[in-house]
> 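Questions regarding the structure given below will be posed in turn.
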Amino acid sequence: FPVTIWAGICVMGDNPSGLISASPDGLIYGLSEPIEGAEVKSPCLATFNRYVIAGELPEEYALQVHGSMAVTGLNTWHFGAYFDGMPLFYVRVDRNEFTDTVERSLREFTTMASERVQELRAKMANSGKNKLTFIDLFAGIGGFRIALENLGCQCVFSSEIDPHSQKVYLANYGHLPDNQDIRKLEVKTVPDHDILCGGFPCQAFSVAGRKHGFEDARGTLFFEVARILHEKKPKAFILENVQGLVHHDRGKTLKTILDILEKDLHYFVPSPQILNARYFGVPQNRPRIFIVGFREDLNIYHFSYPQPTHQETCLKDILEEKEVSVKYYLSNQYLETLFKHKARHQNKGNGFGYEIISPDGIANAIVVGGMGKERNLVIDKRLTNFTPVTRIKGEVNKLFVRRMTPREWARLQGFPDSFQIVVSDVQAYKQFGNSVAIPVVKAVAKEVMKALDLSRDSQENISLKDLQGRQLELLSI
C-alpha cells in the first residue's frame, strides 16, 4: 500500500499534488496541482521534522514547514504540517478507515496552504522596487487604499473633490489627495501605475448608440476613468459601484461601460459580479457590483472573483465597547414619529421605516441620506446619564434606542480602529456611507494580484535556499 506525502496530502497512486512536500531524499518541492508525468518518489515511511526556507525571503517572511508522516504501527499513520508558524492540519488515521471525510480534510489543508503561499509570494513580489502600484480615484477617505496597501501595494496617486474627505485623507495618510477635481485633471500628470481603482458615481449616458468610442462617455465621471485607462494603460483596474448599476437606464449604462472597456480600451473584462460585504467578515448587508479588467497584451483570459469567506460576524462584534454619548440616543418625540411613519407605510403594504437591529443580527446597508441611520438603530441599555447634550424636542427615550456611532459605521466597512475621524458626525456618516467595504475590496484585489502574478511569473521559478545553503525550488503556482 505505497504512500507518498505531498504537503500533508496522502496520495494513493502516481499523481502527486500539493504545495510543500518532502521526499525521502530530504528535498522540498512545491506543486499546486497534479503534474502530468511527474516522477513519484519512493514511499515516504520516515518522519521528516523541520525545514526552514529562508535565503531570498525577507527574514520576517521566513517560511517554516513542519511535517510528519510517522508509521507507529503497520496500520496507523500521522499526518501533520505547520505553515508560517500556523498549524494547518493534523490527522491520525487507521489506514483501514481512510475515508472520503479524511480525503476531503486533506484537500482543504492544501487549499489553506496554497492561500498562505500565494500571500507570501505576493509580499515577496511586491517588496521594494517590485511593488505593484495603484491609483485611487474618487478616493473618498481611502477605502481602496487601505485594502491594497494591506496587500503590499503602493499608492502613487489619488483624487478626491470633497473638502471634508480631503481633511480625513490628510489626517490618515499624511498628505492631501494629489488631485481635487478629476474633470480638470491632466492625465500626463498621473504617474504610471499597475492598477487603477475607483468607485465612480452611477450616471446615464446621453448618447443614443455608440458613435465615437469611449468619447461616448463624455460628460460622465466614468469618462474620466476611461481617459486615464486610454492614456496610461495600466495592467488592470478594479471598479466598484452600487448594485443598481446592473439595471440602471434599463441596463444600457452597464452595457456601454463594458463595451468601452473591452472594445475601445482593449481590456479583458470578466463578467462583473455582485459581492455582498456580509459574506466577507463584516456584519452589513451591502451588495455591490465589481468590475475588473486586464490589459489584453497580458494574455489573462481567466479570472475568478473571490469566494465568500463566510466568516461569522454579527452586530455585537462591532458595537462600541463602552457607554456612548447620550447624543446618539433618540428623543422620545422623534421615536414616536418613527413609530407612526412605519405604521403608515405598513398599512399601505410597504416595508419602509425604521429598524432596530438585534445584537446577533446583520446591519442593513449604511447609506447617505434618507433613512440610512434609522434603518440601523440599536438598543443599548448602558446609558447612565439621560441629560441631553444637544437640542432635542422632548426627553431622551427610556427604551434605550440609539443610532450607531460613526466608529461603528467605520467598523461595518472594515476600517481599523486606528483610523482617525476628524470631522463632524454628519460628515463622518456621509463618508463611511459612501465608502467601499474594505474586506471585499481586499478580497477582489488579492485575486487580481494573483492573476497578474501568474501572468508575469508563469515561466519563472522562485529560487530559495535552505539554512544549509542547498538550493531549493518553489515552483510557480
> Hey, is the main chain of Lys131 close enough, under 3.5 Å, to the side chain of Gln154 for a donor-acceptor pair?
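No, because the side chain of Gln154 does not come within donor-acceptor range (under 3.5 Å) of the backbone of Lys131.
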
> What verdict does the side-chain contact (heavy atoms from CB on, under 4.5 Å) test give for Thr337 and Lys340, after you've listed the backbone C-alpha separation in whole Å, the side-chain angles of each residue and the deciding distance to 0.1 Å?
CA-CA 5 Å; Thr337 299; Lys340 293 179 179 179; 5.9 Å; no

> Please check if any side-chain donor atom of Gln413 sits under 3.5 Å from a side-chain acceptor atom of Ser435, or the reverse.
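Distance-only check fails for Gln413 and Ser435.
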
> State whether the side chain of Asp249 and the backbone N or O of Lys252 hold a donor-acceptor pair below 3.5 Å, judged by distance alone.
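Flag not set: sc Asp249 to bb Lys252 has no pair under 3.5 Å.
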
> Quick one: does any side-chain atom of Asp317 pair with a main-chain N or O of Thr313 as donor and acceptor, under 3.5 Å?
no

> Between Leu330 and Leu377, does a side-chain contact (heavy atoms from CB on, under 4.5 Å) hold up when you go through it step by step?
CA-CA 10 Å; Leu330 278 58; Leu377 299 175; 4.1 Å; yes

> Could you tell me if the side chain of Leu315 sits less than 4.5 Å from the side chain of Met404, heavy atoms only?
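They are in side-chain contact.
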
> Does a donor on one side chain sit under 3.5 Å from an acceptor on the other, for Ser158 and Asp136?
no

> Just one of Phe419, Phe415, Tyr429, Phe432 clears the ring-ring contact (aromatic ring centres under 6.0 Å, His included) bar with Trp409, so which one?
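The single option meeting the ring-ring contact (aromatic ring centres under 6.0 Å, His included) with Trp409 is Tyr429.
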
> side-chain contact (heavy atoms from CB on, under 4.5 Å), that's the test. Do Arg407 and Ile318 meet it? Break it down for me.
CA-CA 9 Å; Arg407 177 61 64 190; Ile318 60 90; over 6 Å; no

> When the ring centroid of Tyr354 is compared with that of Tyr334, is the distance short of 6.0 Å?
no

> Between the side chain of Tyr173 and the main-chain N/O of Ile141, is any donor-acceptor distance below 3.5 Å?
yes

> Using every non-hydrogen atom in the two residues, find where Val440 and Ala277 come nearest and quote the distance to one decimal.
CG2-CA, 3.6 Å

> Check for a donor-acceptor pair, side chain of Asp181 on one end and backbone N or O of Ile161 on the other, with a separation under 3.5 Å.
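Side chain of Asp181 to backbone of Ile161: no pair is present.
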
> Between Lys322 and Glu320, is a salt bridge (Lys or Arg N to Asp or Glu O under 4.0 Å) present by the stated rule, with each step listed?
CA-CA 6 Å; Lys322 299 179 180 179; Glu320 300 261 15; over 6 Å; no

> Should we count CZ of Arg183 as having more than 12 external heavy atoms under 6.0 Å?
no

> Quick one, Ile356 and Val378 - any side-chain contact, counting heavy atoms below 4.5 Å?
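Side chain of Ile356 against side chain of Val378, heavy atoms only: no contact under 4.5 Å found.
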
> So how far is it from Leu170 CG to Ser165 OG, rounded to the nearest 0.5 Å?
12.5 Å

> Salt bridge check, Arg411 against Glu321: does any charged N sit closer than 4.0 Å to a carboxylate O?
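Salt bridge flag = yes for Arg411 with Glu321.
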
> How many angstroms lie between OG1 in Thr390 and NZ in Lys327, if you round to the nearest 0.5 Å?
8.5 Å

> Side chains of Ile195 and Pro234, heavy atoms from C-beta outward: is any pair under 4.5 Å?
no

> Taking the ring centre of each residue, are Phe200 and Phe138 less than 6.0 Å apart?
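Between Phe138 and Phe200, which both carry aromatic rings, the centre distance is not below 6.0 Å.
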
> Does the side chain of Arg403 pick up a donor-acceptor pair with the side chain of Tyr329 at under 3.5 Å?
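No - no donor-acceptor pair under 3.5 Å links their side chains.
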
> Kindly say whether Met449 contributes a backbone atom to a donor-acceptor pair with the side chain of Asp453 at under 3.5 angstrom?
no

> Rounded to the nearest 0.5 Å, how far apart are CZ of Arg278 and CD1 of Ile362?
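With rounding to 0.5 Å, CZ (Arg278) is 5.0 Å from CD1 (Ile362).
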
> Specify the closest pair of heavy atoms between Val269 and Phe237, including all atoms of both residues, with the distance to one decimal.
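Between these two residues, the closest heavy atoms are CG2-CZ, 3.9 Å.
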
> Could you report the tightest heavy-atom contact between Gly394 and Gln333, atom names first, then the distance?
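Looking at all heavy atoms of both residues, the shortest contact is N-OE1, 4.1 Å.
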
> Do side-chain atoms of Lys232 reach the backbone of Val190 as a donor and acceptor pair under 3.5 angstrom?
yes

> Does Ile146 offer a backbone N or O that forms a donor-acceptor pair with the side chain of Glu149 under 3.5 Å?
no

> Any heavy-atom pair between the side chains of Ile379 and Leu399 that's under 4.5 Å?
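SC-SC contact between Leu399 and Ile379 ruled out.
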
> Hey, are Asp360 and Ser358 close enough side-chain-wise for a donor-acceptor pair under 3.5 Å?
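Asp360 and Ser358 do not have a side-chain donor-acceptor pair below 3.5 Å.
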
> Is a side-chain N or O of Thr133 found less than 3.5 angstrom from the main chain of Cys155, in a donor-acceptor match?
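Not a single qualifying donor-acceptor pair exists.
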
> Applying side chain to side chain contact (heavy atoms under 4.5 Å, CB included) between Phe280 and each of Leu275, Val444, Val441, report the one that passes.
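Only one option passes, and that is Leu275.
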
> Does the Arg227 side chain pair with the main chain of Phe222, one donor and one acceptor, at a distance under 3.5 Å?
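Flag not set: sc Arg227 to bb Phe222 has no pair under 3.5 Å.
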
> Walk me through it: do Glu240 and Phe144 pass the test side-chain contact (heavy atoms from CB on, under 4.5 Å)?
CA-CA 10 Å; Glu240 184 260 13; Phe144 265 103; 4.0 Å; yes

> Distance check, rounded to the nearest 0.5 Å: His266 atom NE2 versus Lys263 atom NZ?
12.0 Å

> Verify the distance criterion only: is there a donor paired with an acceptor across the side chains of Glu323 and Thr384 at less than 3.5 Å?
yes

> In terms of heavy-atom contacts, does CD of Glu395 have more than 12 from other residues, nucleotides or ligands at under 6.0 Å?
no

> Using side-chain heavy atoms (C-beta onward) and a distance below 4.5 Å, is Ile289 in contact with Leu254?
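Ile289 reaches Leu254 side chain to side chain.
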
> Measuring only between side-chain heavy atoms, which start at C-beta, is Lys373 closer than 4.5 Å to Asn376?
no

> In this structure, are over 12 heavy atoms from other groups packed under 6.0 Å from His302 atom NE2?
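Result for NE2/His302: open.
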
> Are Phe294 and Tyr267 near enough that their ring centres are under 6.0 Å apart?
no

> Any side-chain heavy atom of Phe157 sitting closer than 4.5 Å to one from Leu185?
yes

> To the nearest 0.5 Å, tell me how far Ile238 CD1 sits from Leu196 CG.
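Atom-to-atom, Ile238:CD1 and Leu196:CG are 9.5 Å apart.
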
> Using distance alone, with no hydrogens and no angle criterion, decide if Glu160 and Gln180 have a side-chain donor and acceptor under 3.5 Å apart.
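Their side chains do not contain a donor-acceptor pair, so the 3.5 Å distance test is not met.
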
> Kindly indicate whether the side chain of Asn434, heavy atoms from C-beta on, has any atom under 4.5 Å from the side chain of Val367.
no

> How are the rings of Tyr305 and Phe303 set relative to one another: parallel (under 30°), tilted (30 to 60°) or perpendicular (over 60°)?
perpendicular

> Let's go through Arg402 and Glu408 carefully: what are the C-alpha distance in whole Å and the side-chain angles of both, what is the deciding distance for salt bridge (Lys or Arg N to Asp or Glu O under 4.0 Å) to 0.1 Å, and is it a yes or a no?
CA-CA 12 Å; Arg402 69 168 176 86; Glu408 289 165 342; 2.9 Å; yes

> Of the non-hydrogen atoms in Pro283 and Leu412, which two are nearest, and what is the gap between them?
O-CD2, 3.4 Å

> Taking all non-hydrogen atoms of both residues into account, name the closest pair between Thr309 and Gly281 and its distance.
OG1-N, 3.9 Å

> What heavy-atom pair brings Ile438 and Gly414 nearest, and what distance separates the two atoms?
CD1-O, 3.7 Å

> Rounded to the nearest 0.5 Å, what separation is found between the NZ atom of Lys398 and the CZ atom of Phe386?
6.0 Å

